[in-house]
*Asks:* 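Before I ask anything, here is the structure I am working with.
Here is the naming used below: chain letters follow the sequence lines, and residue numbers restart at 1 for every chain. Fair warning: this is a prediction, and the values are worked out from it, not measured in the lab.
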Amino acid sequence: MTEPCLRVSDLHVMYDLGSSGFARRKRLHAVNGASFEIAPGETMGLVGESGSGKSTIGLSIMRLIEPWSGKVTLGGTDVTGVSRKDVRTLRRRMQMVFQDPYSSLNPSMTVSQLLEEPLIIHRDLPKAERMKMIGEMLESVGLHAGYAVRYPHEFSGGQRQRIAIARAMILHPELVVLDEPVSALDVSTQSQILNLLKAIQAKSGTAFLLVAHDLAVVRLMSPNVAVMYLGEIVEAGPSGRVYDAPAHPYSAALISAIPFPDPERQRNATRIILRGDLPSPLNPPSGCRFRTRCPFAMAICATEAPPSVPVEGGGTAACHLHAHGPKLGGHSILPFIAQKMGAA
Amino acid sequence: MSASILSAVPVALPPSSTFFGRFCRNRTAMVSAIILLAIIVIAVFAPYLAPHNPAKSSLRYILKPPTWLYPLGTDDLGRDVLSRLIFASRLSLIASVQAVAIALVIGLPLGLISGYVRGWVDTVIMRLNDALMSFPALILAVVIVGMLGPSLTNAMTAIGLVYAPRIMRVVRGSTLSVREEVYITAARATGCSDARIIARHVLPNVTGPLVVQATVLMGQALLAEAGLSFLGLGVQPPQASWGAMLGTAFPYMADAPVPTIAAGMVISVTVLCFNLIGDGIRDSVGRMRRSGD
Amino acid sequence: MNNAQPLLDIKGLTVQFPSPSGWLTVVDNVSFSVGRNDIVCVVGESGSGKSVTTQAAVGLVQPKGGRVTAGSVMFDGQELIGASNRTLNRIRGDAIGFIFQEPMSSLNPAYTVGEQIAEVVRRHRGASRADAWKQAVAALDRVHIASAATRAHAYPHQFSGGMRQRVMIAMAIACKPKLLIADEPTTALDVTIQARILEVLKELQQELGMSVLFITHDLGVVADIARSVVVMYGAQVVEFAPSDQLFAAPRHPYTAGLLEAMPQVALERGHDPIAIPGTVAQAHAWPKGCRFNPRCVHRQDGPCTTQPIELIADGQGLVRCALAGELRLGLERRA
């Protein structure tokens with residue numbers, strides 16, 4: 001068994017909202033015990049909607065947010081244990097690409113300055129060598145080396161995201177956290193960037209943590225996926241299995257909500273429309289956090305947090321339906337939903 | 001297939017609309033800049049442009065009205081007012097630069113640190129700042145000059161000190177908003193130290209508002225210098241600044257109004273130019289920010 | 001339906017906005033119509049002119065510095081281009097309702113949502129205070145806000161993003177408009193919330209018998225809601241077709257390209273998404289000939305690169321492609 005590139009175990013992240021007057025200090029439990037691993041050179045998808053805590057996980061792995069408890073190791077090195085100063089040297093080995101390339105690139109720096117910065121900080125190279133690497137890196141993300149002298153505002157969104165990717169990849173890191181890398185881009189350029197990321201990974205062997213709200217994108221990009229809801233991983237496993245045979249009602253709802261570009265199929269699709277809205281993470285529901293919106297909630301869901309059960313085809317799901325009620329026993333939830341919807 | 005996608009040819013880039021280009025289209029700011037440039041050129045080449053020796057007094061020509069020989073007349077010691085104004089521009093401008101430079105040296109680092117570090121450091125700096133700002137600027141300067149003794153350098157040091165909080169406020173405000181930008185988080189993710197983030201990522205992005213404030217302060221410093229010199233606390237004779245000239249000419253206003261009016265006009269026009277240029281820069285910088293989308 | 005005249009008929013609409021290098025044409029000779037009891041989607045990317053087209057149709061570009069240089073917009077038998085502000089103000093919010101992408105910026109944080117909806121009803125319908133309030137509650141109920149009578153007393157910040165968007169819809173339909181213009185109403189929302197909003201919109205369209213003009217960049221959403229589709233690229237309409245026909249057999253390479261690039265479609269077919277190369281064309285530098293030609297895999301030098309391409313009738317729709325007669329995009333897609 002080789003050492004995984006990234007191992008996250010029982011990660012908890014709290015946001016301190018400060019105290020107001022005599023009220024007790026309020027804490028928002030943004031991530032509640034997340035654990036997963038990424039093998040070297042592989043991609044892992046982290047899917048969820050706004051408020052699920054998926055971006056918080058990405059940021060706390062990078063130590064851009066300090067985790068509350070839990071452990072993160074990068075190729076065997078403890079990330080959570082090192083001092084803030086040593087984290088800086090660790091960042092040579094893990095980089096990040098942000099969602100919005102319009103705000104993640106410093107507008108007052110040229111492309112070459114942006115790409116040169118990581119090299120100046122982490123590598124001791126002569127200027128000519130740095131410039132050569134910048135030129136090569138730009139070419140490898142599909143931009144002319146001559147564009148190095150330009151400023152970010154002269155580029156389109158897709159081109160800017162290429163620059164951001166080049167900046168993250170120039171140090172050949174072991175891990176890159178991709179935080180919604182395509183959702184701010186025009187639809188016709190999104191797949192350019194997805195294909196680019198795949199090609200870069202094939203060449204460099206960098207592992208990706210892909211944080212996204214779009215399950216189809218994650219399914220396309222990564223062999224494994226974890227689905228998050230309100231700070232918890234509710235289902236994890238091979239993305240093909242999760243996409244085609246989800247075992248958690250939230251995963252099923254998320255997949256059924258992605259509209260498919262075929263009118264006939266949309267008309268006949270059985271869609272699971274979730275009731276209500278995301279509950280406040282300040283005051284999450286008792287028992288199963290999803291129960292307030294779950295169409296199949298039972299009495300036990302309000303009292304006990306569901307344990308993770310192994311799912312047929314790989315992975316786990318945390319839902320009472322597997323041990324109680326219909327006793328799905330780790331099988332896909334889709335036949336159960338079809339039966340329920342058909343009956344209704 | 002992937003090869004063709006990777007070589008996705010970047011299409012023509014939009015015409016880069018530069019800060020300078022936008023500033024040039026702002027007619028008011030452009031005219032102000034030209035006038036100011038002319039004043040600076042006159043100051044630099046004063047010895048060649050002044051028709052007379054500014055210090056040479058002639059008892060035959062005291063408080064004379066304008067003539068072809070003395071276009072703006074003469075003062076109470078029989079010196080040519082135009083030549084004195086031309087030479088005085090040097091002191092006035094240098095004095096303003098000096099005051100603003102001192103304000104920048106004190107205000108800029110404090111503002112950056114205050115806005116970036118926040119916490120108790122910010123609280124301490126801001127309380128000191130509030131205390132300093134609660135005094136009227138000129139009164140405070142008078143007190144400082146009173147303690148240090150009257151001289152132009154002391155006067156401008158005092159003005160610089162008084163203006164430092166204004167620079168600090170602007171820098172702190174911009175820093176507070178810049179530090180929330182995603183590219184600051186991105187810089188941290190790259191491994192930048194705090195010092196590097198302040199120097200390379202925060203500072204360049206607060207220069208816009210900073211330059212605007214510094215330009216406006218140049219005008220105000222000029223005015224403050226004039227005020228202090230008028231009161232005799234600034235430049236000492238025989239040297240002259242515009243403010244000092246206004247001060248010496250003012251008592252003879254009834255007999256010879258031209259020197260007073262001329263000095264007053266020069267001060268007003270220069271201050272106005274600084275303000276209008278400041279406005280122009282502010283507008284041009286503002287649009288640069290938005291051209292991203 | 002018995003009325004042959006469409007509810008909204010846009011003909012040759014051309015809109016320009018000022019730029020440092022002169023007036024830029026951001027909507028170029030756009031024509032399409034929305035029938036009664038119809039749902040039409042306008043699809044396009046940023047800079048395609050899809051939002052500006054609808055804003056210009058109801059007189060909302062002039063306040064932003066734009067100008068309409070040509071074209072006509074007939075709404076229910078009335079010309080809107082050149083109509084007085086008074087007339088437009090009477091129509092907007094009454095016979096034409098609006099929903100925008102950012103619900104928070106369209107709601108006033110200082111008033112309860114009930115007050116804001118009632119205000120719209122009072123202004124346009126001259127209803128009494130009590131009556132207007134009743135209609136506001138009814139509208140909230142119609143968009144499935146639970147216990148609407150109580151929630152009407154809440155302020156916008158007390159609602160979540162998805163609920164706010166439903167409040168916006170309630171406000172837009174409070175006066176029972178004939179046309180609802182929805183400009184990317186679900187783009188800022190999560191998919192599960194989007195699914196709910198789309199359900200609500202379809203239901204309301206049926207109930208009220210209104211028409212919906214829906215602007216989006218997501219072909220999945222289009223397939224879900226549209227009866228007919230207008231595809232825009234580079235300020236022009238490049239394809240117009242009934243929804244079923246468009247998805248079964250797209251006629252313009254851009255439409256086909258957008259479909260091929262979707263992750264859902266690529267997954268279904270078991271290969272990587274086929275990306276459209278290059279960058280979206282921009283108003284300051286339209287390519288010569290077909291505006292899509294630098295990115296088009298079917299491009300032929302000559303027919304595609306010299307003359308501007310005309311919009312031609314094709315089956316039940318319209319297409320703007322020099323090779324429309326030769327290309328068989330639909331067949332290729334099915335293979």
*Asks:* Holding to salt bridge (Lys or Arg N to Asp or Glu O under 4.0 Å), I want the full list of residues that pass it with A/Arg88, two or more places apart in sequence or in another chain.
*Replies:*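 In terms of salt bridge (Lys or Arg N to Asp or Glu O under 4.0 Å), with neighbours along the sequence ignored, A/Arg88 is linked to no residue.
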*Asks:* Can you say whether A/Gln99 sits under 4.5 Å from chain B via the side chain, the backbone, both, or neither, judging by heavy atoms?
*Replies:*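 Neither part.
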*Asks:* Among residues 190-200 of chain B, which residues come closer than 4.5 Å to chain A, judged by heavy atom distances?
*Replies:* B/Thr190, B/Gly191, B/Cys192, B/Ser193, B/Arg196, B/Arg200
*Asks:* Examine whether an atom of A/Arg92 lies under 4.5 Å from a heavy atom of chain B, and if so say whether it belongs to the side chain, the backbone or both; otherwise answer neither.
*Replies:* neither
*Asks:* Quick check on A/Met94 against chain B: is it the side chain, the backbone, both or neither that has a heavy atom closer than 4.5 Å?
*Replies:* backbone
*Asks:* Do A/Leu105 and B/Tyr183 come close enough that some side-chain heavy atom pair is under 4.5 Å?
*Replies:*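 No, their side chains stay 4.5 Å or more apart.
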*Asks:* Looking at A/Lys71, I'd like to know if its NZ atom is crowded, meaning that more than 12 non-hydrogen atoms belonging to other residues, nucleotides or ligands lie closer than 6.0 Å.
*Replies:*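 Not buried by this count: 12 neighbours or fewer within 6.0 Å.
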*Asks:* Considering residues at least two apart in sequence or located in another chain, which fulfil the side chain to side chain donor-acceptor pair (under 3.5 Å) criterion with B/Arg179?
*Replies:*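 Side chain to side chain donor-acceptor pair (under 3.5 Å) list for B/Arg179, sorted by chain: empty.
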*Asks:* So what's closer than 4.5 Å to chain B heavy atoms on A/Leu114: side chain, backbone, both or neither?
*Replies:* neither
*Asks:* For B/Leu223, which residues count as a side chain to side chain contact (heavy atoms under 4.5 Å, CB included) partner, sequence neighbours excluded?
*Replies:* B/Ile267, B/Val271
*Asks:* Work out which heavy atom in B/Pro204 is nearest to a heavy atom in A/Ser108; give both atom names and the distance.
*Replies:* CB-OG, 3.2 Å
*Asks:* Any idea which heavy atoms bring A/Gln95 and B/Ala189 closest together, and the distance?
*Replies:*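 So the two residues come closest at NE2-O, 3.7 Å.
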*Asks:* What's the shortest heavy-atom distance between B/Ala187 and A/Arg167, and which atoms?
*Replies:*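 For B/Ala187 versus A/Arg167, the nearest heavy atoms are CA-NH2, 3.7 Å.
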*Asks:* Evaluate the side-chain proximity of A/Arg91 to B/Arg188: yes if any heavy-atom separation is below 4.5 Å, no if none is.
*Replies:*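 Yes; the side chains approach each other to less than 4.5 Å.
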*Asks:* Counting C-beta onward and ignoring hydrogens, is there a side-chain heavy-atom pair between A/Asn106 and B/Asn205 closer than 4.5 Å?
*Replies:* yes
